[in-house]
Peer 1: 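Below: one structure in structure tokens.
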Amino acid sequence: MSGTGLPMRVPAPGLPGRVRIHEVGARDGLQNEKSVVPTEVKAEFVRRLAGAGLSTIEATSFVHPKWVPQLADAEQLFPMVSDLAEAGDVALPVLVPNERGLDRALALGARRIAVFGSATETFAARNLNRTVDESLAMFEPVVARAKAAGVHVRGYLSMCFGDPWEGAVPVAQVVKVAKALRDLGCDELSLGDTIGVATPGHVRALLSGLNEAGVPTGTVGVHFHDTYGQALSNTLAALQHGVTTVDASAGGLGGCPYAKSATGNLATEDLVWMLDGLGVDTGVDLGALTATSVWMAEQLGRPSPSRTVRALSHEE
């Protein structure tokens, strides 16, 4: 950290005592890079993130290399870091788009997978080349087979708050698709603000709508982008509602290659700074995490977009 005793810890009422950070930098962050990062650098990135105390690190994606060439090395990368999961210290979820991706992940011993759906028809068509219903039908055997194998399944849901083609997305529409993913057997949902247009009241309305539809808050994570500078305020609104899983990306890496108006993910360092100040435990060493993001920024040849990384690295 900064070495000055900052941020001062001042707990606020109505917040969880602990938050699990679902680190997406190694997958969602790097898949949006123009250049392909060497496999050895990716593996070192995952190891450094684990060393900083992150216990859930999304490692890679078993998608067709044609669609995401930056992650074409999934078969090479996963065995280079799987010992972290085998030791029981770190969960290493991987993204799988279909049954072929599941086969590849299971063959390497993956124990946590994620499928990636959309709350809107236009994004489903552009990202999955399917309607929303067709994408759910594609996920059904993937989730069923994963559950039969004792594998934990996360369901990502994109465009939960707004869509660049369709505009505002009705809460009821998102709730319907989220409930369908739960009914397929997903253990956990991640609500994605893919283009970063959510505001705190909208966040609370969607979480309440999910609760009313029978989706417990404990099964929901949030995934905010900082396009309009709202990611932290939206996260705080979610925490006040009882959410305890927050997606974030070390150094603020990533966006969405299929939605041009999407900017970077919420930076993990910015999230940890806020949570440290609120007295909410994450298990993450902010200094070690910042050093990791500075290192990764050097590999990418550009400064980190995270305000906290810039502030702490300038102080050192």
Peer 1: With rounding to the nearest 0.5 Å, note down the distance linking CG in Leu253 to CG in Asp28.
Peer 2: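 Rounded to the nearest 0.5 Å, the CG-CG separation comes to 9.5 Å.
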Peer 1: Nearest 0.5 Å please: distance from the CG atom of Leu206 over to the CD atom of Gln173.
Peer 2: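 The CG atom of Leu206 sits 11.5 Å away from the CD atom of Gln173.
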Peer 1: Is there a donor-acceptor pair closer than 3.5 Å between any side-chain N or O of Ser135 and the backbone N or O of Val132?
Peer 2: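 Yes, because the side chain of Ser135 sits within donor-acceptor range (under 3.5 Å) of the backbone of Val132.
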Peer 1: Identify, with sequence neighbours excluded, every residue that meets salt bridge (charged side-chain N to carboxylate O under 4.0 Å, His left out) alongside Glu75.
Peer 2: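 Arg104.
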Peer 1: Using the ring of each side chain (for Trp, its six-membered ring), is Tyr156 parallel, tilted or perpendicular to Phe116, with breaks at 30° and 60°?
Peer 2: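 Geometry flag for Phe116 against Tyr156: tilted rings.
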Peer 1: Atom OG1 in Thr235, atom CG in Asp270: separation rounded to 0.5 Å?
Peer 2: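 Here the interatomic distance stands at 10.5 Å.
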Peer 1: Taking all non-hydrogen atoms of both residues into account, name the closest pair between Phe62 and Phe78 and its distance.
Peer 2: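 So the minimum-distance heavy-atom pair works out to CZ-CB, 4.4 Å.
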Peer 1: With a 3.5 Å cut-off and no angle check, do the side chains of Asn211 and His241 form a donor-acceptor pair?
Peer 2: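 Asn211 vs His241: donor-acceptor pair found between side chains.
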Peer 1: In Å, rounded to the nearest 0.5 Å, how long is the span from CZ of Arg182 to CG of Asp187?
Peer 2: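 Those atoms lie 7.5 Å apart.
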Peer 1: Quick one, Asp281 with Val19, criterion side-chain contact (heavy atoms from CB on, under 4.5 Å). Give me CA distance, side-chain angles, the key distance, then yes/no.
Peer 2: CA-CA 6 Å; Asp281 184 29; Val19 162; over 6 Å; no
Peer 1: Take atom CZ in Arg20; do more than 12 heavy atoms of anything else shown fall under 6.0 Å from it?
Peer 2: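 Atom CZ in Arg20 is crowded, with more than 12 foreign heavy atoms closer than 6.0 Å.
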Peer 1: Examine distances only and state if a side-chain atom of Thr194 and a backbone atom of Met159 form a donor-acceptor pair shorter than 3.5 Å.
Peer 2: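 Here the side-chain-to-backbone pair exists.
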Peer 1: With rounding to the nearest 0.5 angstrom, report the OH to CD1 distance, Tyr228 to Ile195.
Peer 2: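 Atom-to-atom, Tyr228:OH and Ile195:CD1 are 6.5 Å apart.
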Peer 1: Examine distances only and state if a side-chain atom of Asn127 and a backbone atom of Phe123 form a donor-acceptor pair shorter than 3.5 Å.
Peer 2: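 Answer holds: no.
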Peer 1: According to a 4.5 Å side-chain heavy-atom criterion applied to Ile, Leu, Val, Met, Phe, Trp and Tyr, with indirect links allowed, do Trp67 and Val36 form part of one hydrophobic cluster?
Peer 2: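 Looking at the clustering, Val36 is in a separate group from Trp67.
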Peer 1: Show every salt bridge (charged side-chain N to carboxylate O under 4.0 Å, His left out) that has at least one partner inside residues 231-254, sequence neighbours left out.
Peer 2: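 Checked against salt bridge (charged side-chain N to carboxylate O under 4.0 Å, His left out) - neighbours excluded - the pairs reaching residues 231-254 are Arg154-Asp247.
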Peer 1: To the nearest 0.5 Å, how far apart are CD in Glu86 and CG in Leu92?
Peer 2: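 Rounded to the nearest 0.5 Å, the CD-CG separation comes to 9.5 Å.
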Peer 1: Might you work through the side-chain contact (heavy atoms from CB on, under 4.5 Å) test for Arg18 and Thr244, ending with a clear yes or no?
Peer 2: CA-CA 7 Å; Arg18 184 176 181 88; Thr244 58; over 6 Å; no
Peer 1: State whether Arg307 and Asp226 are salt-bridged, where the test is any N-O pair (Lys NZ or Arg NE/NH1/NH2 against Asp/Glu carboxylate O) under 4.0 Å.
Peer 2: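 Yes, Arg307 and Asp226 are salt-bridged.
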Peer 1: So, does Glu269 use its side chain to make a donor-acceptor pair with the main chain of Val309 at under 3.5 Å?
Peer 2: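 Answer holds: no.
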